[in-house]
Amino acid sequence: MTDQETSSSEKHWGNLRFSRRRSGYAEDTPEDSASARFVIGLTVFVIVALLYPWYSYWVQTHLLARDLQQVTQAMDSQVRDEVRRVDAHVQQAAVRSTATANRRRVGGVQMMGAMTTNGVPVVIVDMAEANLFEGKASICRQAPGWLGHPVAGLTLRVQAYRGSAPAESIGSVEC
């Protein structure tokens, strides 16, 4: 650097004045500051007071909707469980009813007579409401008492008892 450059820069810096820096706050009286804070507080309070009903309504409707959905799901679950339980109960009752009806029909099968013709055992049976397949076990159980000998492995010819009318052949069963 040259001497001329140095002296001109010193001249430039030499005439600077530093002034006092002002504070960022306005120098108001304490009453002015209190009034401003009061107005701001009052404004915030009024805004909150005006907006709170809408906010409360919005929150309550969303909470109510959520609660109703949870209650609906819980009730739906309970109703489904109850329907399953009732269905199982109805199915069990139907099975028991069917089994009872079958036992009653088979229990009505009664041997009315038995004889041996041409070496073939013939039994006369009151079938009540049962068919030959349902009454097979009952026929094989009662036949030895009427024929006087075991019937295991024999084929029995079965005739249906019809009261005073002649017996009618309905088939045969293997015991």
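This is a predicted model, so every value here is computed, not measured.
Atoms OG and CD1, on Ser35 and Ile40 in that order, are 11.0 Å from each other to the nearest 0.5 Å. The structure places CG of Asn102 at 9.5 Å from OG of Ser97, a figure rounded to the nearest 0.5 Å. The distance from atom CG of Leu156 to atom CG of Leu147, rounded to the nearest 0.5 Å, is 6.5 Å. Atom OG of Ser172 is separated from atom CD1 of Ile139 by 10.5 Å, given to the nearest 0.5 angstrom.
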Please list, one pair per line, the donor and acceptor atoms closer than 3.5 Å that link side chains of residues 111-133 to other protein atoms, with sequence neighbours excluded.
unit_1 : atom_1 : unit_2 : atom_2 : d
Asp126 : OD1    : Ala128 : N      : 3.3
Asn131 : OD1    : Phe133 : N      : 3.1
Asn131 : OD1    : Glu134 : N      : 2.7

Side-chain donor-acceptor pairs of residues 47-64 under 3.5 Å, sequence neighbours excluded:
unit_1 : atom_1 : unit_2 : atom_2 : d
Trp58  : NE1    : His62  : NE2    : 2.8
Thr61  : OG1    : Tyr57  : O      : 3.1
Thr61  : OG1    : Trp58  : O      : 2.8

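Using a distance-only test at 3.5 Å, with no hydrogens or angles considered, a donor-acceptor pair links the side chain of Thr98 to the main chain of Ala94.
Counting heavy atoms from C-beta on, the side chains of Thr100 and Arg103 come closer than 4.5 Å. In this structure, Glu168 and Gln159 have side chains that are not in contact, with every pair of non-hydrogen atoms separated by 4.5 Å or more. Looking only at side-chain heavy atoms (C-beta outward), Asp81 and Arg85 stay at 4.5 Å or farther from each other.
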Q | Audit row: Val71, Met75, side chain to side chain contact (heavy atoms under 4.5 Å, CB included) steps and yes/no | A | CA-CA 6 Å; Val71 167; Met75 287 179 62; 3.9 Å; yes
Q: Check the pair His149 / Leu154 against side chain to side chain contact (heavy atoms under 4.5 Å, CB included), numbers first and verdict last.
A: CA-CA 11 Å; His149 58 81; Leu154 292 178; 3.9 Å; yes
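Under the salt bridge (Lys or Arg N to Asp or Glu O under 4.0 Å) criterion, Asp76 pairs with Arg80, sequence neighbours left out.
A single hydrophobic cluster is not seen to contain both Trp146 and Tyr161; linkage of ILVMFWY side chains at heavy-atom distances under 4.5 Å, directly or through other members, places them apart.
The shortest heavy-atom contact between Ala143 and Val151 is CB-CG1, 4.1 Å. Pairing each heavy atom of Lys136 with each of Glu174, the nearest pair is CE-O, 2.8 Å.
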